[in-house]
Every structure is written in structure tokens, then in C-alpha cells.
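Only one structure is covered here, and it is reproduced in the block below.
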4 protein chains.
Amino acid sequence: MNNSENILEIILKEEQSITDKQKKILIAAIDAFSEKGYAATSTSEIAKMAGVAEGTIFRHYKTKKDLLLTLLSPLLSTLIAPRVIKDFDKVLNVSHHNFEDFLRAIVKNRMEFLQKNNTLFKILIQEIPFHDDLRETFKNQIAVKIFGRFQEIMESYKEKGEIISIPSSSSVRLTVTSIFGYFIARHILLPDIKWDDEEEIERTIQFILYGLKPRE
Amino acid sequence: MNNSENILEIILKEEQSITDKQKKILIAAIDAFSEKGYAATSTSEIAKMAGVAEGTIFRHYKTKKDLLLTLLSPLLSTLIAPRVIKDFDKVLNVSHHNFEDFLRAIVKNRMEFLQKNNTLFKILIQEIPFHDDLRETFKNQIAVKIFGRFQEIMESYKEKGEIISIPSSSSVRLTVTSIFGYFIARHILLPDIKWDDEEEIERTIQFILYGLKPRE
Amino acid sequence: MNNSENILEIILKEEQSITDKQKKILIAAIDAFSEKGYAATSTSEIAKMAGVAEGTIFRHYKTKKDLLLTLLSPLLSTLIAPRVIKDFDKVLNVSHHNFEDFLRAIVKNRMEFLQKNNTLFKILIQEIPFHDDLRETFKNQIAVKIFGRFQEIMESYKEKGEIISIPSSSSVRLTVTSIFGYFIARHILLPDIKWDDEEEIERTIQFILYGLKPRE
Amino acid sequence: MNNSENILEIILKEEQSITDKQKKILIAAIDAFSEKGYAATSTSEIAKMAGVAEGTIFRHYKTKKDLLLTLLSPLLSTLIAPRVIKDFDKVLNVSHHNFEDFLRAIVKNRMEFLQKNNTLFKILIQEIPFHDDLRETFKNQIAVKIFGRFQEIMESYKEKGEIISIPSSSSVRLTVTSIFGYFIARHILLPDIKWDDEEEIERTIQFILYGLKPRE
DNA sequence: CATGAATGAGTATTCATTCAT
DNA sequence: CATGAATGAATACTCATTCAT
């Protein structure tokens, strides 16, 4: 599945309209932004890291902000791509008769995607609080499209009686929060301690599963 | 309970060693940092907002970073204060015979605290990724002390068979993640949409409760 | 008469709200702008010439453009000051019974003013083509107020039959052009060749006088 | 008469050694220089306006300054061309028995030339204060050659008693200043107000004529 | 001939910080 | 205690120019 790939690598390899220096700039910028944050990273720093002249950055990206957005846009558009939405459907219709299978498929799928693009995600999450446009995109695109489809699916499981009968907006939030919560703890808050990813993910799945199980 | 109060207000009111200008500086800095982030906020901006001269800031706080740390320190020290630790014990020993009561007490207590100090928390969470010292403090103090005590308590409930038998580090993470996950979604990612706090909190409690319930 | 003074000197001496460094900046800027032009002068250059740090310039003048406007504004406001307008009247009413006396008085008076402030004038004239706001000010303030009053006076001499009967807008233009033409040739186009100011001015007066004399 | 033509058009049309792109560059540069001034115009701007790549400009003109000089050179060389000097003679010898005829011919001729090339003239006049080489060329070529011949002619009219007996350097200056003064007011200082060119020119001629008439 | 990526010095402006008043 | 003038390094960005394609 393509969306399980590292987005950046795909772009760097497949996009041939991109020059060598441009690639170096992107890599350096991702590195710097994820570690020190957008605002605390200077363009001269990025240039030095990328081994290019400072002017070269601005030949390709009109402004520093433009560089950030260019960086994040493949992630954002991947997230809202129809393909991704279809994944949900495929996951749902084709093979997953019950909520557990669906959850497992979705967590595995999303978690892999998160992990493979964790640096870009880190930047996105870290910068969202400071950029209105980013937050707006996030809210209007991601939240509406992904969460919307997610909610429909939840609704159907609720009707089938496979999960508890609460508004699906809440059940989606609790599910997503648990997954993202793990990601944030893992990669942002406590990136330096050791994590047994497999175990933790299994426990997170179980946690969500039982947390949303219909009460007898 | 004092830790359910707005920390900043307490300091501004009770601390008499603090001058009027100093208070204005703190308020302005909190405002600016929480909205634009530490790195993107200039000291001259803070000075203007606070209605003081630029130099005045540096009379009280050696550096801009010092101002940030001063700002966060009451929050940090409240979090790791022995009093808070004792709260856990009190919650545990005195009255809460079972896990549900404990969880309810702790969630109510912590959530109130989060909400009352949401601006300071927002700053803390936003800045943690960018400041090693902050993250170190967080890891060594908060994680070790709070989570440590939390884990002990979880352990005891596990022994009593009230919750599922997984490493308490995981059960604590899942619990905390659900609570913080709500806070982050609520105040940082999607601060502009309407939230029914009471309902969502109740659902979150139920979610944790069932998610950690021993499997039959 | 105050308007026969060097405007800059007056400001540098009398204005006490101006710091020492600020004076140096103004002097350096005038020097640089008049010689190389506004656009070709860098703020770092001005700073170096003034012996101040570059930042100091921007503490006092928000932008480079602001520095230019601040520089020119005393000249501009002197030109449109009611006092200057009154000068015309005084020149006219009190003592000058005929056009020749009036012209002599006005040329002497204006030419002295031009010469004493020739550097500032040079800047104004050189920059007018490139700055819409400056040109607007010039048109709306100088042209309307000064030329307006000038025209009225011309009109009265025309009625008395002392000058030729053409629209006073034209006679004013021809007069002013001859005076300014001399100034521009003298200070801007050919500043390096020797000029016998007194003689040339006398010839210019005669030229205007006879050029506007009623035809028999 | 060829010198009454638009110099630029002639070059663009007749010069076949000039490429299409080069023409576009020249047109764009004239446009930009005349409006914003040489120093405030960037080569990339010119390239964009001309619809060519940045490098293309430098293929044809070694430096930006070179572009300016190339632009002005046809104007400058036209002004000092032997042909122009001969015009004076023709004007003088062949047909003009008296000063008035001569003045009329010369003003008409020169004014037409000024008007037809007003953009290039605008650039020349605007840039002269900032470029020593331009000023030097102007002084050595224009002033010496044109003014020199002009003075000789003036001298002859003076001897014939047709004009006042002042140094012809002064009479030339007064004449030229009146003509250029009109041009500058018309095209540089107040380009936006309406002008009745024919009337103003006639008045200017009359003004010069009577201004230089021998005093009885 | 023409391109446009690349450069590095330079641009106006802002920064956190100092210090004399 | 508070000010705000002063600083010089740093900032994002632009410049004229070069050169491989």
C-alpha cells in the first residue's frame, strides 16, 4: 500500500523536477524544523546544513513559511487523498466483518504511516498551535474528511451492536486520541526512553476495543 | 484544595515580593507565548503589551528564557509538589475503595487543574518539544514522581483484580493519554469548536474504566 | 528673517529632544542621500558615516523611508508655512509698489533660501520623481498654496498693467522655472563649473522682467 | 528630419543586429528606470517585465550599468551628432534672418525632440545627479558642443544688435533653462496635470524673445 | 542564443541584551 | 526600580552576476 511509505522518500526519488540542491534543502529543513521548531530555525542555518547558499533556498521557496508549507503539503494531501478515504472503505467492506478486525487494520495501517513519516508528523503537530492556516487546513480537511468517514463507519458498527452506543464523534475521538496519544508520548514528549512498540500497540488496541465494547 | 486553583492568580495575588510591572510582564508573556510560541515572541512585543520599558523585563528576568522558566516553574513545582503526591495517597487510602472511585476522583481533580491552568499548560506542552531542559524536567520530575506513584497505585488495583493485568506503566500511559489527549484536542488542536466538557469527560472515564477492566 | 536660515542647523541646534546620535544620523543621511540618491544609499553606509550602530537608526526612524521623510519634512513644512505665505503679502503690500521691486524681493528671498538649504533641496528635487507621496505633497501643498498666492499677486500686477496679459499660471511658471532652472543647472546638473551667482541672478531678474513686460 | 523621431523606435526597427529578446529588455528597462529610477529597479524585475530569463540580460549587457548606458547612448550621441550641430547651422544660415525665426525653429525642433523622446530624457535627467560618468559626458559633450555652437550663434545675433548685450553663456543658459524648465515641470514634477502644450510653448518663446530683447 | 539554478555579498529591519541616567 | 537609548549580531530576503546546460 502506497500510503504506508515514507512520503518524503517518494518525493525525493520520484519527483524529477526537483534539483539536487532542493532535496538537500528539504532534508535539512525537516531536520531543523523537527528539532528546534520552525520559528527557532534560521534560514542561514538550513542553508549551512544543506550545504547550499542562502539565496538558493529563496530561489525555490519564496519565503521561509513557503518552505514549511511545501514540506508539509505532501503529508497533508496524502491524508486527505481520496485513496486514503477509500482505504477506510476497503478495510470496512471487503474483509472486516467485525469491529476488532477493522480497528486492527486501521491502527496497523495508520500507525505504520505515522511511524514511517514520524518526522513530518512531528513538525505538523508541533507547528499546528502557531499557524492559523495550518490549523484551518487541519480542521477543514483532515478533521472533516477523515473523521467524517470514520464516524460513518463507527455508526454502522454501533448499529450492528458491536460497539457502545455513544455519539460516534466521541468514540472516534477516544480512538484517535489513544492512537495519537501514543504517538505523541512516543515521539514528542518522551522520545528518548525505550518503547516496545508492538506490545504497546497491541495493548492500545485492546484498550480501545474494551473501552468501546457494549456494556452488558 | 489549593491545586485546583489558577496558579497564576495565586502568585499574582499572594506573592507580595512581586511588583506591579512584574505582574504585567508575566501576564503579557503568558498571553504572547501561548498564542505565538516562545520563539516567535519578541521581548519588545512583551514590553509593549505589558506597558513597560524594554529594559524593565531584563531587570527582573536575566534572559528571555529565564522569563519562560519563571513562568512555568509554579506549574512544574505544583505538579511535583509533595502535596500533589499526597493527594494521590489521600485519594487512594481514605475513601476510594475501588478503581472507579479513584479514577473519577483523579480525573476530576486533574482535569479541573488542567482546565484552570490551561494557558500555562498550553505553553508547557507547546514548548516541551523545543527545550531540552524543559523536557528533562518533565521526564525526571513529572514522569518519575507522578507516574511512579500512579503506577504503584495501579499496581495495587491490579493485585486486587480490579483492573486488567498488564504492566502498570502501560495502564498509566493509556489512562493519562486519554485524559491529556482530550485536553490537547480540546485546547490546542481544535480550540475553536464547541465541546460539551462534562459529557466528554464522563465518556472518557467510562472508556478508561472499561478499557482497563479485567477480561472475563 | 527665519526662513532665510539653514533649516537643518536650526533643527539640530534648537530641538533638544534630539539625541546626539540622532543628529549624526541626520547629517550623514543628508550627505549620502544628496550625493548617491536615496535608493543607492544603504542604511549600513549611513550608520558607518554617522559612527553609530545600524540598529540605532531604526530606533529613531521606523524605516529608511521614514528617515527620508523626516529629513525633508522641515523643508516641506517651511515651504508651506503660513509665515512664508505672509512673506509674499508683506513683500507685496508694505513696500513694493511695482513688479520689479516685488520680483527682486522675492528672488532674493527665495534664492537665498534655496542656496542656504541647497542640499535638502537637492534631495527633494532628486527624489520627487521616484516617490509618489512626495510628489503628491509637492503638488497639493507647495503648488497649490505657494503658486496660488503667487498667481493672485501676478494677477494684480497684470491688472495694474505692469506685466503682460497672459494667464498668471503661465507667468508664474515662467518666473519660477527661470529661478529653479538656475538652481538646478547650478547645483545639480553642473555643480562643478564656476558660477558668478550675483551676476547670473541679476541677469535672470532682468530676463524675467523684460520677458513679462507688457508689449507696446 | 530624422532627429525629430523617436530614437528608440528607430533603433528597434532599423537595427537588425538586435534580437527580439533584446528589444523587449530595452523596452522593459526604459519603462522601469523612468518610473522607479535606476537604483530602485532590479534586473530580475526587468527580466520578468521583458519576459526573458535573468541571464539573458547579462548576455547582452555586461552589467546593469551597461544597460543604462546602452539605453541612453543613442540619445546622447544623437544630441552630439554632427548632424545636430549642422542643424543649428542650417537653421541659422539658410533661412533665419532674425533671432525670432531662429528661436522658433530651434524651440520647435528641440521641443519636438524632447517630447518624442521624453521617457529617455526623463531617465537621463533623473540619473544625471547620481552618475559621475553621465554628468561628465553631459558636461563635456552636450554642454561643450551644443552650447558652444549655440553661443557662437547667440554671439552673432548680439553683434547684429538683435538681442541684449550680455555674455552669450548667460543668454544661452536663460534660453535653455526656459525650455528645459518647461520640460521638467511638464514631464517630471507635474506630469499628472493637464498642459496646453502649444500655448505654453508659444508663451515660452515670447518670454525668451522679450527677455533677451535689447533694452531701449 | 537563451536559460534558470546557483551564488555570496548585501539589504532593511529586528533581536535580546546592556547600561548610563 | 524603571527607563529607553544604544548596540552588534542575527534575521528573512534580494541583489547583480556567473555558468553549466
Side-chain angles (χ1 to χ4, degrees), chain A residues 17-22 24-25 39-48 50-67, chain B residues 19-22 24-25 39-48 50-67, chain C residues 17-22 24-25 39-48 50-67, chain D residues 19-22 24-25 39-48 50-67:
Chain A
S17 72
I18 230 169
T19 75
D20 198 53
K21 304 255 168 186
Q22 230 176 124
K24 284 181 188 163
I25 291 169
T41 301
S42 74
T43 50
S44 83
E45 220 169 328
I46 296 171
K48 216 169 287 165
V52 304
E54 206 169 350
T56 307
I57 294 177
F58 291 94
R59 170 154 298 275
H60 298 291
Y61 309 97
K62 271 206 286 288
T63 62
K64 188 185 161 193
K65 177 81 179 248
D66 197 43
L67 175 57
Chain B
T19 74
D20 197 52
K21 303 255 170 188
Q22 230 176 126
K24 283 181 187 163
I25 291 169
T41 302
S42 74
T43 49
S44 81
E45 217 175 328
I46 297 171
K48 212 171 292 166
V52 305
E54 294 188 50
T56 309
I57 292 176
F58 292 92
R59 172 152 300 278
H60 297 290
Y61 311 96
K62 268 209 294 287
T63 63
K64 187 185 163 193
K65 178 81 179 247
D66 198 43
L67 174 58
Chain C
S17 72
I18 230 169
T19 75
D20 198 51
K21 303 254 170 189
Q22 229 176 125
K24 283 181 189 163
I25 291 169
T41 301
S42 75
T43 50
S44 82
E45 220 169 329
I46 296 172
K48 214 169 289 164
V52 306
E54 207 169 345
T56 307
I57 293 177
F58 291 92
R59 171 152 299 275
H60 298 291
Y61 310 96
K62 271 206 285 288
T63 63
K64 188 185 161 194
K65 178 80 179 247
D66 198 44
L67 175 56
Chain D
T19 76
D20 198 53
K21 302 255 170 189
Q22 231 175 121
K24 282 182 187 161
I25 290 170
T41 303
S42 75
T43 50
S44 80
E45 217 174 331
I46 295 171
K48 211 171 292 163
V52 305
E54 294 188 51
T56 308
I57 292 176
F58 291 92
R59 171 152 301 277
H60 297 290
Y61 311 96
K62 269 209 293 289
T63 63
K64 186 186 165 194
K65 178 79 179 247
D66 199 42
L67 175 57

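In this text, all values refer to a predicted model and were calculated from it rather than measured experimentally. Chain A is the first sequence line, chain B the second, and so forth, proteins listed ahead of strands; every chain is numbered from 1.
Between the side chain of C:K64 and the backbone N or O of C:T41, at least one donor-acceptor pair lies under 3.5 Å.
Within a 6.0 Å sphere centred on NZ of D:K62, other residues, nucleotides and ligands contribute 12 heavy atoms or fewer. Taking a 6.0 Å sphere around NZ of D:K65, one finds it holds more than 12 heavy atoms contributed by other residues, nucleotides or ligands.
With the nearest nucleotide of DNA chain F identified for both C:I57 and B:T56, B:T56 has the one nearer the 5' end. Both D:Q22 and B:A39 lie close to DNA chain E; mapped to their nearest nucleotides by heavy-atom distance, the more 5′-ward contact belongs to D:Q22. Across the interface with DNA chain E, nearest-nucleotide mapping of B:E45 and D:V52 shows D:V52 to be the residue nearer the 5′ end.
Pair assignment for E:dG8 gives F:dC15, based on Watson-Crick or G-U wobble hydrogen-bonding distances that are each under 3.5 Å. Judged by Watson-Crick or G-U wobble contacts below 3.5 Å, the nucleotide F:dC1 has no partner.
Put simply, the side chain of A:I46 does not reach to within 4.5 Å of the side chain of A:V52, judged on heavy atoms. In this structure, D:H60 and D:T19 have side chains that are in contact, with non-hydrogen atoms separated by less than 4.5 Å.
Atom-to-atom, NZ of C:K48 to P of F:dG8 comes out at 13 Å; the value is rounded to the nearest Å. Rounded to an integer number of Å, the gap from CD1 of A:I18 to C1' of E:dA6 is 16 Å. Here F:dT14 presents its P atom at 17 Å from CD1 of D:I46, a figure rounded to the nearest Å. Rounded to an integer number of Å, the gap from CG of D:L67 to C1' of F:dC15 is 15 Å.
Side-chain N/O atoms of A:H60 include one lying less than 4.0 angstrom from OP1 or OP2 on E:dA6. Between E:dG10 and C:S42, no contact under 4.0 Å exists linking OP1 or OP2 to a side-chain N or O.
F:dT21 and E:dC1 have their P atoms separated by 22 Å, with the value rounded to a whole Å.
Classification of C:R59 and B:E54 as a salt-bridged pair holds, one side-chain N sitting under 4.0 Å from a carboxylate O.
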At a cut-off of 3.5 Å, list every protein nitrogen or oxygen paired with a nitrogen or oxygen from nucleotides 17-21 of chain F, distance to 0.1 Å.
{"residue": "F:dT17", "atom": "OP2", "partner": "D:K64", "partner atom": "N", "Å": "2.7"}

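Taking each heavy atom of C:Y61 and C:D66 in turn, the nearest pair found is CA-OD2, 3.6 Å.
For D:K21, the side-chain atoms get nearest to E:dA2 when compared with the rest of E:dA2, E:dG4, F:dA2.
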